[in-house]
Amino acid sequence: MSKLLEVRNVVKRFGGLTAVNELSFHVEPGESLGLIGPNGAGKTTIFNLIMNELQQTSGEIFFDGREISREPTHERVKMGIVRTYQIPRPFHEMPVADNIRVGMMPDNFWDMITKQPDYEGERAIARSVGFGEREIAMYPGELSMGDLRRLELARTLAADPKVLLLDEVFAGLTFGEIGRISELLLEKRKEGLTYIIVSHDLRSLAPLVDRVVVMSFGATIAEGSFDEVIANKKVQEAYLGQ
């Protein structure tokens with residue numbers, strides 16, 4: 001299959017510190033890829049580079065066969081690359097419905113002022129992540145951490161992504177909340193959504209991914225199925241402390 005998103009020999013240095021070191025990996029259309037590694041491995045940094053929230057020192061990033069290393073963040077979002085954050089970033093002055101609506105807004109000014117809001121569409125997205133009418137009317141400050149995670153997902157899904165970058169979506173959640181978000185991701189996976197997921201919760205990650213890339217000190221140390229990489233001695237030494 002063709003590569004939808006490809007990171008090729010990417011390096012990111014902060015002064016004398018190399019945070020990402022000749023990193024290469026890809027994800028194919030409809031594939032779910034896990035990205036794991038110990039703290040400080042460079043996982044969030046590579047997401048920042050993919051979104052151009054940071055600029056790589058060297059190397060190339062391709063999307064759908066196009067080299068995008070010089071494209072600004074908003075252009076990458078228009079192409080279909082969307083991400084969540086470890087710490088949710090909702091618009092606190094807006095209720096859930098309006099937060100989702102922002103993700104559905106057209107990208108040109110004329111459509112923005114002439115096109116009618118898709119109220120049913122935003123509610124369908126809200127329902128797809130488990131929100132009822134009561135939650136749709138609530139403000140972010142009234143939501144639990146699990147609900148904030150679901151709102152992050154709803155906002156990204158509203159942008160109709162071609163590939164979704166999920167950064168520690170299980171962090172700080174209860175077992176029940178993890179289960180609900182896992183069910184949502186499994187459903188979206190069946191619908192053909194391509195995603196890359198960073199998580200320290202390996203047990204929850206296992207059923208959600210087709211393939212796993214393991215990072216340590218900014219570089220790839222293993223790649224394969226979940227079972228293959230967990231059995232890899234380098235992974236056990238670097239990630240599991242064995």
Side-chain angles (χ1 to χ4, degrees), residues 1-8 10 20 23-35 43-56 59-86 88-91 98-112 115 117-118 120-129 149-169 181 184-199 208-211 213:
M1 293 182 67
S2 61
K3 299 174 182 179
L4 180 58
L5 177 67
E6 181 182 11
V7 172
R8 189 182 297 176
V10 165
V20 176
L23 182 68
S24 296
F25 67 85
H26 72 277
V27 63
E28 298 175 355
E31 186 180 27
S32 52
L33 180 70
L35 188 62
K43 304 181 297 297
T44 295
T45 300
I46 195 62
F47 274 12
N48 291 337
L49 295 172
I50 291 170
M51 295 306 304
N52 198 27
E53 294 168 20
L54 292 173
Q55 181 64 47
Q56 69 258 33
E60 299 169 306
I61 299 173
F62 293 83
F63 182 69
D64 207 11
R66 173 182 172 185
E67 212 282 329
I68 62 168
S69 296
R70 296 186 180 277
E71 296 291 345
T73 300
H74 70 273
E75 288 295 336
R76 300 188 195 200
V77 173
K78 285 169 62 176
M79 291 174 196
I81 310 172
V82 186
R83 72 167 296 181
T84 66
Y85 292 87
Q86 290 190 33
R89 299 184 180 185
F91 297 105
D98 289 352
N99 266 272
I100 295 171
R101 189 179 307 154
V102 169
M104 301 174 67
M105 291 178 66
D107 57 21
N108 69 77
F109 181 73
W110 180 250
D111 284 347
M112 194 178 299
K115 190 175 179 180
D118 183 4
E120 183 51 41
E122 70 191 40
R123 275 167 167 72
I125 291 170
R127 288 192 296 269
S128 78
V129 301
R149 294 283 184 204
R150 286 192 288 155
L151 177 56
E152 276 277 286
L153 284 172
R155 293 175 62 209
T156 58
L157 293 172
D160 193 22
K162 292 183 179 178
V163 61
L164 181 55
L165 311 180
L166 300 163
D167 197 356
E168 295 289 1
V169 290
I181 288 183
L184 171 64
L185 292 177
L186 286 170
E187 180 181 338
K188 295 302 177 183
R189 182 183 178 189
K190 289 178 182 177
E191 293 173 3
L193 177 64
T194 304
Y195 61 78
I196 304 173
I197 179 170
V198 166
S199 179
L208 298 177
V209 294
D210 300 310
R211 188 165 51 89
V213 170

pair [X]-[Y]: side-chain heavy atoms closer than 4.5 Å:
X: Arg101; Y: Asp98; value: yes
X: Val7; Y: Val20; value: no
X: Glu71; Y: Phe63; value: no
X: Lys43; Y: Ile196; value: no
X: Val169; Y: Ser199; value: no
X: Met79; Y: Asp64; value: no

Legend entry - Under 3.5 Å: donor-acceptor pair, side chain of Asn99, backbone of Phe91: yes
Legend entry - Backbone N/O of Arg8 and side chain of Ser24: donor-acceptor pair under 3.5 Å: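 No, the answer is negative, given that no donor and acceptor are paired below the 3.5 Å cut-off.
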Inter-residue atom distance [X].[atom1] - [Y].[atom2], 0.5 Å rounding:
X: Tyr195; Y: Asp210; atom1: OH; atom2: CG; value: 7.5 Å
X: Arg150; Y: Ile181; atom1: CZ; atom2: CD1; value: 7.5 Å
X: Gln56; Y: Leu23; atom1: CD; atom2: CG; value: 11.5 Å
X: Ser32; Y: Leu164; atom1: OG; atom2: CG; value: 11.5 Å
X: Leu5; Y: His26; atom1: CG; atom2: NE2; value: 10.0 Å

Inset, instruction - Run the salt-bridge test on Arg155 and Glu152 with the 4.0 Å N-O cut-off and return the result as yes or no. - result: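 Judged by the 4.0 Å cut-off on N to carboxylate O distance, Arg155 and Glu152 do form a salt bridge.
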Inset, instruction - Before accepting this row, confirm whether a basic side-chain N of the pair Glu28/Arg211 lies closer than 4.0 Å to the acidic partner's carboxylate O. - result: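 Salt bridge between Glu28 and Arg211, a charged N being under 4.0 Å from a carboxylate O: no.
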Legend entry - side chain to side chain donor-acceptor pair (under 3.5 Å) between Asn52 and Thr73, intermediate numbers included: CA-CA 5 Å; Asn52 198 27; Thr73 300; 4.7 Å; no
Mind listing the closest non-hydrogen atom pair of [X] and [Y] along with its distance?
X: Leu33; Y: Phe25; value: CD2-CD1, 3.8 Å
X: Arg149; Y: Tyr85; value: NH1-O, 3.3 Å
X: Leu208; Y: Arg189; value: C-NH1, 3.4 Å
X: Ser69; Y: Ile61; value: OG-N, 3.1 Å
X: Val82; Y: Ala159; value: CG2-CB, 4.0 Å
X: Ile50; Y: Arg76; value: O-NH1, 2.7 Å

Legend entry - Glu187 and Ser128: CA distance, side-chain angles, deciding distance, side chain to side chain contact (heavy atoms under 4.5 Å, CB included) verdict: CA-CA 9 Å; Glu187 180 181 338; Ser128 78; 5.5 Å; no
Legend entry - Verdict with reasoning, Ile125 to Glu122, per side chain to side chain contact (heavy atoms under 4.5 Å, CB included): CA-CA 5 Å; Ile125 291 170; Glu122 70 191 40; 5.7 Å; no
Inset, instruction - Output, in order, the C-alpha distance, side-chain angles, deciding distance and verdict of side chain to side chain contact (heavy atoms under 4.5 Å, CB included) for Leu151 and Ile100. - result: CA-CA 8 Å; Leu151 177 56; Ile100 295 171; 4.2 Å; yes
Legend entry - Ile197, Asp167, Ile46 screened by side chain to side chain contact (heavy atoms under 4.5 Å, CB included) with Leu35, the one that passes: Ile46
Legend entry - Derivation of the side chain to side chain contact (heavy atoms under 4.5 Å, CB included) call for Ile81 and Ile68: CA-CA 11 Å; Ile81 310 172; Ile68 62 168; 3.7 Å; yes
